[in-house]
Amino acid sequence: MPWDPGLAERVAGALLALGVHGARQKGVFGGRGFLLGKSTFVVVWDDGILVKMPAAEYPGALALPGVVPFAPDGGRPMGTWVVVGADAVAEDPELREWVACGVRAVR
C-alpha cells in the first residue's frame, strides 16, 4: 500500500513541534514508520496513519470518528494499534495530538 510522503513530512514536523528528538524512520507494514529506539509508534499508511495507543487511551480512541482497530489482513486486531483516517489528521493540531499519543505509548 503506498504511503503519502507529504503526510510523513507532517508527522516529522509534529515531532519537532512536540520537542521529540531522536525518532527515526523506516518501512513498516508497507508504510513509513516512525520509531523511538526499537519501538514503532506511528506509521504513515496509505493516506492516514496507524498509531500505537497507550492502553488506557485505546477504548476512547476507538469511539472517535474515523478511528478503527488495526487488523492486518482483516484478521484479529493488533493490540492497541488504531487506524486513523485521513480526515482525522487533515489539520496539523489533530495530527500532533495523534503523534503525541503514539509517543506516550512507547515512553
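Residues take their numbers from the sequence shown, with the count starting at 1.
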Next on the checklist: Is the shortest side-chain heavy-atom distance between Met53 and Val84 below 4.5 Å?
Outcome noted: no

Checklist outcome for this item: The complete set of salt bridge (Lys or Arg N to Asp or Glu O under 4.0 Å) pairs with one or both residues in residues 54-64, sequence neighbours excluded, reads Glu57-Arg104

Review item, side-chain donor-acceptor pairs of residues 90-98, under 3.5 Å, at least two apart:
from, atom 1, to, atom 2, distance (Å)
Asp92, OD1, Arg10, NE, 2.7
Asp92, OD1, Arg10, NH2, 2.9

Item to check | Heavy-atom closest contact (Thr80 atom, Ala55 atom, distance) | outcome: CG2-CA, 4.0 Å

Next on the checklist: For a 4.5 angstrom cut-off between non-hydrogen side-chain atoms, does Val103 reach Leu15?
Outcome noted: yes

Checklist entry - Checking side chain to side chain contact (heavy atoms under 4.5 Å, CB included) for the pair Val82/Val68: CA distance, chi angles, key distance, verdict? => result CA-CA 6 Å; Val82 296; Val68 296; over 6 Å; no

Checklist entry - Pro54 and Ala105: which non-hydrogen atoms are nearest, and at how many Å? => result N-CB, 3.5 Å

Item to check | Inter- and intrachain pairs under salt bridge (Lys or Arg N to Asp or Glu O under 4.0 Å), touching residues 23-43, at least two apart | outcome: none

Checklist entry - Applying salt bridge (Lys or Arg N to Asp or Glu O under 4.0 Å), which residue pairs with at least one partner in residues 59-70 are found, sequence neighbours left out? => result none

Next on the checklist: Once rounded to the nearest 0.5 Å, what's the spacing between atom OG of Ser39 and atom CZ of Arg107?
Outcome noted: 11.5 Å

Next on the checklist: Could you tell me if the side chain of Ile49 sits less than 4.5 Å from the side chain of Val43, heavy atoms only?
Outcome noted: no

Next on the checklist: Quick one, Pro69 and Leu62 - any side-chain contact, counting heavy atoms below 4.5 Å?
Outcome noted: yes

Item to check | Student check: side-chain heavy atoms of Leu36 and Phe41 closer than 4.5 Å | outcome: yes

Next on the checklist: I'd like to check Val11 versus Val44 (side-chain heavy atoms, cut-off strictly below 4.5 Å). Are they in contact?
Outcome noted: yes

Next on the checklist: Side chains of Asp4 and Asp46, heavy atoms from C-beta outward: is any pair under 4.5 Å?
Outcome noted: no

Next on the checklist: Can you pull out every ring pair (Phe, Tyr, Trp, His ring centres under 6.0 Å) where at least one residue sits in residues 65-96? Sequence neighbours excluded, please.
Outcome noted: Phe29-Phe70, Trp45-Phe70

Checklist entry - Taking only residues at least two apart or on different chains, which pairs with a member in residues 65-84 satisfy salt bridge (Lys or Arg N to Asp or Glu O under 4.0 Å)? => result none

Checklist outcome for this item: Across all chains, not counting sequence neighbours, the side chain to side chain donor-acceptor pair (under 3.5 Å) partners of Thr40 are none

Checklist entry - So, for Pro65 and Ala88, which heavy atoms are closest and what is the spacing to 0.1 Å? => result O-CB, 4.3 Å

